[in-house]
Peer 1: 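Here it is, the structure in full.
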Number of protein chains: 2
Amino acid sequence: MTTRHFRPDSPGYIEQLRRLRLRLTPQRLVVLEALATHGGHMTADEILQWVAQRYPDISLATIYRILDLLISAGLVSRADLGGNATCFELIGDSPHHHLVCTRCGTIIELDGTLLAPLRERILCEYGFQVDPRHLALFGICRRCLTAGQTRTMPQETTHP
Amino acid sequence: MTTRHFRPDSPGYIEQLRRLRLRLTPQRLVVLEALATHGGHMTADEILQWVAQRYPDISLATIYRILDLLISAGLVSRADLGGNATCFELIGDSPHHHLVCTRCGTIIELDGTLLAPLRERILCEYGFQVDPRHLALFGICRRCLTAGQTRTMPQETTHP
DNA sequence: GTGAGTGCAAATGCTTTGCAGACGT
DNA sequence: ACGTCTGCAAAGCATTTGCACTCAC
């Protein structure tokens, strides 16, 4: 059980929006709720599907505008995980990165602390501050590695 | 353009194409030449601009088809460096990665060996084989770091 | 000669934008 | 009441695809 403020059931992001003087519209709240409920990364369209169940008239354009706003506010992060699907994610307490399998599309979450040494080294040697919330590593997942050992050239493959 | 025979100064990628039984069309050769001459990463449109000077009637669709082919052949790598520009690059001898500044768009090349320890660790702990040629790290470059220390929220900024 | 490769143009899919009306503060 | 936010539809942009023709082999 965590310590809460005066409103026991209001998530922290509502207070955060208030603090930034951003209007609490139902659309914004329901987008945040979608991201919070789902937990992981969602595409704009996935958010629309989820949201449409309780807020049918919401528009995809609005979703995009809200996501841009939330990213500027620092509540949401954007991640390009491959070519055709930009994903969005609520920034939570546990920073992590993504391992994207280029064969089957599986996305694995990677503990954020693993990257710390590399980040430090890049900061020292290049003066470049790597954003810990905006990273994807592409490659082949264990399953595809085992399945495709005999293969010489990358192919389109999808797991059932 | 007529059939080319073996030439002592022909780049390695021509032999590689032959080895894979892929046809050596002038379009393919000129796309490879563009990538080889330019050295770094190019967007499909940049390749078109370069190629159009000596091969005016080439189509952007063909560029994309050729790039897909070259990627499958392992001669070219694709890198999503930010949202609106997919870049392509000839795979050379010195593997490297990209540091993309989300403020000014600068792209810094990162020595490939820096990632080796992280790759090994991910392979051990997750069984995931990170593709060493397909990586971008996003963050803030030294210049923007120094220039924007007082800033609290990321903004659109472009260096001259 | 034959099948793969190409040019053209239209289609696609994701994202952004213009504008009039709606709504949170 | 004010200025912002939203819905709708249309535009934008990079990328893909269908089809007839061309060309490397």
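Throughout, a chain's letter reflects where its sequence line sits, starting with A, and its residues are numbered from 1.
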Peer 1: Using modelled atom types only, decide if a donor and an acceptor are shared between the side chain of A:Glu125 and the backbone of A:Ile122 within a distance under 3.5 Å.
Peer 2: no
Peer 1: Nearest-Å distance, CG (A:Leu24) to C1' (D:dT4)?
Peer 2: 14 Å
Peer 1: Would you give the length of the straight line joining atom CH2 of A:Trp50 to atom CD of A:Glu33, rounded to the nearest 0.5 angstrom?
Peer 2: 4.0 Å
Peer 1: From CG of B:Leu22 over to C1' of C:dG3, roughly how many Å is that when rounded to an integer?
Peer 2: 14 Å
Peer 1: Hey, does B:Asp57 reach any base, or is it just sugar-phosphate, or nothing, if we go heavy atoms under 4.0 Å?
Peer 2: sugar-phosphate
Peer 1: Please determine whether a side-chain nitrogen or oxygen atom of A:Thr25 lies at a distance below 4.0 Å from atom OP1 or OP2 of D:dT4.
Peer 2: no
Peer 1: Mark yes or no for whether B:Arg78, through its side chain, and B:Phe88, through its backbone, hold a donor-acceptor pair below 3.5 Å.
Peer 2: no
Peer 1: So, taking the atom named CZ in A:Arg121 and the one named CG in B:Leu115, what distance separates them when rounded to the nearest 0.5 Å?
Peer 2: 10.5 Å
Peer 1: Both B:Ser59 and B:Arg23 contact DNA chain C. Taking the nearest nucleotide for each, which residue is further toward the 5' end?
Peer 2: B:Arg23
Peer 1: Tell me the interatomic distance from A:Leu29, atom CG, to C:dG24, atom C1', rounded to whole angstroms.
Peer 2: 11 Å
Peer 1: Do B:His96 and B:Glu89 meet the criterion of a side-chain donor-acceptor pair at a distance under 3.5 Å?
Peer 2: yes
Peer 1: Please confirm whether the backbone N or O of A:Arg142 pairs with a side-chain atom of A:Thr146, one donor and one acceptor, at under 3.5 Å?
Peer 2: yes
Peer 1: Just checking A:Pro56: base, sugar-phosphate only, or nothing, at a heavy-atom cut-off of under 4.0 Å?
Peer 2: nothing
Peer 1: What is the distance, to the nearest angstrom, from the CD1 atom on B:Ile58 to the P atom on D:dT22?
Peer 2: 18 Å
Peer 1: For the pair made of CG in A:Leu48 and C1' in C:dG13, what is the distance, rounded to whole Å?
Peer 2: 15 Å
Peer 1: Output the rounded distance in Å from CD1 (B:Ile66) to P (D:dT17).
Peer 2: 16 Å
Peer 1: Output the rounded distance in Å from CZ (A:Arg21) to P (D:dC5).
Peer 2: 14 Å
Peer 1: With sequence neighbours left out, what residues match B:Asp45 under salt bridge (Lys or Arg N to Asp or Glu O under 4.0 Å)?
Peer 2: none
Peer 1: Give the B/S/- string for nucleotides 16-21 of chain C, one per nucleotide from 5' to 3', where a protein heavy atom under 4.0 Å of the base yields B, of only the sugar-phosphate yields S, and otherwise -.
Peer 2: BBB---
Peer 1: Taking only side-chain nitrogens and oxygens of A:Gln27, does any of them come within less than 4.0 Å of OP1 or OP2 of D:dG7?
Peer 2: yes
Peer 1: Atom CG of A:Asp80 and atom P of C:dG13: how far apart are they, to the nearest Å?
Peer 2: 19 Å
